[in-house]
Amino acid sequence: MPPGRFEGTIAPSARESTPAWPPTLGAPENAPNVLVILTDDVGFGAPSTFGGIIETPALERVAQAGLRYTQFHTTALCSPTRASLLTGRNPHSVGFGVISELSTGFPGYNAIIGADTATVAETLRQNGYATSWFGKNHNVPPWEASPTGPFTRWPQGMGFDFFYGFVGGDTSSWQPGNLFRNTTRIHPFLGRPGWNLSTAMADEAIAHIRTQQESAPGRPWFIHYAPIGTHAPHHPPPEWIERFRGRFDMGWEALRERIFENQRRLGVLPPNAVLTPWPEQLPRWASLSADERRLFIRQVEVYAAFLAYTDHEIGRVIQAIEDAGQIDNTLIIYISGDNGASSEGQLRGTPNEVAYFNGIETPVAAQLPLMDAWGTDRTYNHMAAGWAWAFTTPYRWVKQVGSHFGGTRNGMAISWPRRIADRGGIRHQFHHVIDVVPTILEAIGIPEPNTVNGVPQRPIEGVSMAYTFDAANAQAPTRRRTQHFEMFGHRGIYHDGWFANTTPPNPPWDSAGQPPADVVNGYRWELYNLAEDPTQSRDLAAQHPERLRDMQQLFLVEATRFGVLPMANSTLDRLLVQRPGFSAGRTEFIYRGLGIGLTSDSSPPILNRAYRVTAEIEVPAGGANGMLATQGGRFGGYGFYLREGRPVWTWNFLDIERVKWEGTEALPPGRHSIVFEWRPDAAGPPVGRGGVGTLSVNGRSVAERRMERTIPFYMQWDEPFDVGQDTGTPVDDRDYQVPFRFTGTLRSVQFNLGASTLPQAAARN
């Protein structure tokens, strides 16, 4: 609202004048508090509330106090779902057709939520609400995720008064290197063994609720609560893991059958639902060796513990609302997963998810020695893909696949005791994550804004689900008649009870698979009548070719309308896209003194290129030790440091191999210039190419050796680029422990970038 006119009077003297405060726009009378909970990578069949064998009492509490929704849909991937949840618009409409790290220069994929699509938090804040965000934020453009901003698209710039969480796709729960309070990076885990992000986040939210209640008891609040669980790495406390010993010994096929029977008993599936078959791309449990079974069981026990632990901490937040006397008038929307279960652990699981995103599988024999450490800070762990498929029961496919419900259908529960009287009810209407914002606005009584901060708004694309709140409308037809889906070329379209979709040409756990060259016409299509076949088990494309053509045309209409075009299905091409930002186009980076803490897109881009790093230091009497510069950590990255006074450059190749260049003598007191220079081979693959590195001191070579391969795509992304210290985990625990501050004088660290091995169009500068 523009500023109002002063309603008092002003005379030369205050005694003859009449004061009047400017009007404030408050929330409607008796407006509810709103708590929106969004967990991560939880398949439809994982939580007990929707038939799984992993107990989720907090989700169950919301469902029993309100309603359970069985046909709620997400977008098949993290950032897109989260952008839609906050804006009420389709993901491509707000620049998030993919995750932010794969953004491209097209409007539907540029990772930019525009000012013309304001978040629900901005609307509520300007209508008297206190707004806060706890947990995962995967919607900051990567090039803006730096200590200097700009902060326009951080939570504070998107309508939130307070933020406590991490920026990026995931993080370590034990040592999160990308954790922020508002826009300040924090490291609360230092010196606190056993600290865990999930508990710390719940503590912060509980304290925030208490503060709101005590300082402004009449003011409603909106909280977006987005825990790390259960995205990899799966990091629950050890006592939670013990609860699940032996629970999954039956294997993944038997687990699916048990979940399916539970779902039928609970009524979260219609009577005509069938269990889709086990896929040929995944091994049968009976075909596995004893070591494989033992390893895979351990992996899923840790995952299950992480889900149960995450739900427990959510339960503490809900209990705090009740303890504050506010539960009766709090609208709680608990979405169990931002997409289907994740198969990004590949066929065998992995102790290091960073390796998966660099296209490297870890053999079972290499994983077995880490079983006892699984879930601790010694692993960045993920489970085998067979478990992910089981946790999407009864549907097919998993996260990243937008064409099938295994990737897009998630359980959801809504409670609001003051308004929803049908306690424990079940709703089967077809809805989508874009429908959450209009539901919140209707529940509060706030109209959709036409203008926000002077910017005309594009219409909200969701439809309210509030019509389903009353028992009389339990069987009402869905008001969402059409909904499109697209992710990496996988696509589908829902319309009036029918669903048409493409057939995935490759499973997402196969990083070497080649997608069709023609993303528009190179896919086979399927067709389903969901009223008769709710689990997409009987393809009717051959029986109804005209309907299929109509649905395909409808998809193109929706894709054109909502920014899906141009479609692309190559992850590699997107990985190598040049993006804007303060590091783009630069070949020289100079840092002086202690600190910095940059994310990967803001730091010197040394992967897949020649480079030279020069540290100008002064060693005091008695010698010096400590970090000069580092990026990444225990699961992939590099470190440039002095150990026992000797200069060292260490490349940590994804916790598989550590290659070192080390001087033989400690540096004497005085000024020194230490240089590490990397020269990739003249020929070879464009990514991960080997070469020769040289470490020199004061112009004299002290170590030279060859490295056969380098990290192709990602160093450990949740750890910052640091100068003069290491605020994350060590690149080599045998050499040092954090923070490993440099004990001499660090005058400067300079990076000079040489030629890239990438094709010219893909190089970052």
Side-chain angles (χ1 to χ4, degrees), residues 41-46 50 70-78 80-81 91 97-98 252 256 259-260 263 268-270 273-282 336-344 385-411 430-433 482-495 497-510 513 515-516 519 522-541 548 551-552 555 558-559 564 567 569:
D41 287 5
V42 180
F44 181 83
F50 289 88
T70 67
Q71 294 191 49
F72 181 82
H73 299 83
T74 54
T75 71
L77 211 55
C78 303
T81 291
V98 290
W252 39 54
R256 288 185 87 228
I259 292 173
F260 182 66
Q263 291 169 333
V268 298
L269 293 179
V274 300
L275 180 62
T276 53
W278 188 256
E280 295 180 358
Q281 299 97 326
L282 289 172
S336 179
D338 54 357
N339 42 243
S342 171
S343 67
E344 291 162 353
W387 297 119
W389 196 284
F391 287 136
T392 63
T393 300
Y395 307 109
R396 290 185 292 160
W397 294 102
V398 290
K399 175 184 177 180
Q400 298 189 21
V401 180
S403 57
H404 289 72
F405 295 150
T408 62
R409 185 163 286 180
N410 291 88
F430 191 105
H431 277 286
H432 190 267
V433 67
T482 305
Q483 180 60 46
H484 69 279
F485 300 81
E486 189 278 334
M487 190 63 61
F488 301 132
H490 305 296
R491 50 202 183 272
I493 181 78
Y494 167 85
H495 182 68
W498 286 79
F499 198 89
N501 56 272
T502 57
T503 303
N506 304 107
W509 56 82
D510 180 11
V519 68
Y523 286 73
R524 190 175 77 83
W525 280 75
E526 306 166 3
L527 179 68
Y528 299 97
N529 181 341
L530 297 183
E532 298 176 357
D533 178 21
T535 60
Q536 293 176 288
S537 66
R538 299 186 299 278
D539 180 10
L540 302 178
L548 176 59
M551 296 285 280
Q552 290 171 318
F555 174 83
E558 296 290 287
V564 177
M567 291 184 291
N569 57 8

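Note that this is a predicted model, so its numbers are computed, not measured. When a residue number appears, it is its place in the shown sequence, counting from 1.
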**Study point:** From CA spacing to verdict: side-chain contact (heavy atoms from CB on, under 4.5 Å), W498, L540
**Key:** CA-CA 10 Å; W498 286 79; L540 302 178; 4.0 Å; yes
Exercise for review: Show your reasoning for whether side-chain contact (heavy atoms from CB on, under 4.5 Å) applies to E344 and Q400.
Suggested key: CA-CA 9 Å; E344 291 162 353; Q400 298 189 21; 2.7 Å; yes
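Side chains of C78 and K399 form a contact here, defined as non-hydrogen atoms less than 4.5 Å apart. Between F44 and T392 the shortest side-chain heavy-atom distance does not fall below 4.5 Å. Between P504 and S403 the shortest side-chain heavy-atom distance falls below 4.5 Å. Between Y494 and F430 there is a side-chain heavy-atom pair separated by less than 4.5 Å. At a threshold of 4.5 Å between non-hydrogen side-chain atoms, the residues F488 and M567 do not count as touching. E558 has its side chain out of reach of V564: every pair of non-hydrogen atoms, C-beta onward, lies at least 4.5 Å apart. Looking only at side-chain heavy atoms (C-beta outward), T482 and I493 come within less than 4.5 Å of each other. In this structure the side chain of L527 never reaches within 4.5 angstrom of the side chain of Q552, judged on heavy atoms.
Between the side chain of E486 and the backbone N or O of G489, at least one donor-acceptor pair lies under 3.5 Å. A donor-acceptor pair under 3.5 Å links the side-chain atoms of R538 to the main chain of E532, judged by distance alone. Between the T81 side chain and the T75 main chain, a donor and an acceptor come within less than 3.5 Å of each other.
No donor-acceptor contact under 3.5 angstrom links the side chains of D338 and N410, judged on distance only. Using modelled atom types and a 3.5 Å distance limit, the side chains of H490 and T502 yield no donor-acceptor pair. Inspection of the N501 and Y528 side chains reveals no N or O donor paired with an N or O acceptor under 3.5 Å.
Here the CG atom belonging to L77 is positioned 8.5 Å from the CG atom belonging to D41, to the nearest 0.5 angstrom. Annotation: the span from F260 atom CZ to L275 atom CG amounts to 5.5 Å, rounded to 0.5 Å. Annotation: the span from D539 atom CG to N529 atom CG amounts to 12.0 Å, rounded to 0.5 Å. Atom CZ of F50 and atom CG of L269 lie 10.5 Å apart (nearest 0.5 Å).
Closest approach of P516 and P505 over heavy atoms only: CD-CG, 3.5 Å. The two residues Q263 and P394 have their closest heavy-atom pair at OE1-CD, 3.4 Å. Summarising the geometry of S537 relative to V274, their closest heavy-atom pair is OG-CG2, 3.2 Å, with the distance given to 0.1 Å. Residues A341 and A388 share a closest heavy-atom pair of CB-O, 3.4 Å. In terms of heavy atoms, T74 sits closest to F72 at CG2-CE2, 4.3 Å. The two residues M487 and G97 make their nearest non-hydrogen contact at SD-O, 3.4 Å.
Under the ring-ring contact (aromatic ring centres under 6.0 Å, His included) criterion, F405 pairs with H73, Y395, F499, not counting sequence neighbours. With sequence neighbours excluded, the residues that form a salt bridge (Lys or Arg N to Asp or Glu O under 4.0 Å) with R396 are E526.
Both tests do not hold together for R491 against F485: distance to the six-membered ring centre under 6.0 Å, angle to the ring axis within 45°.
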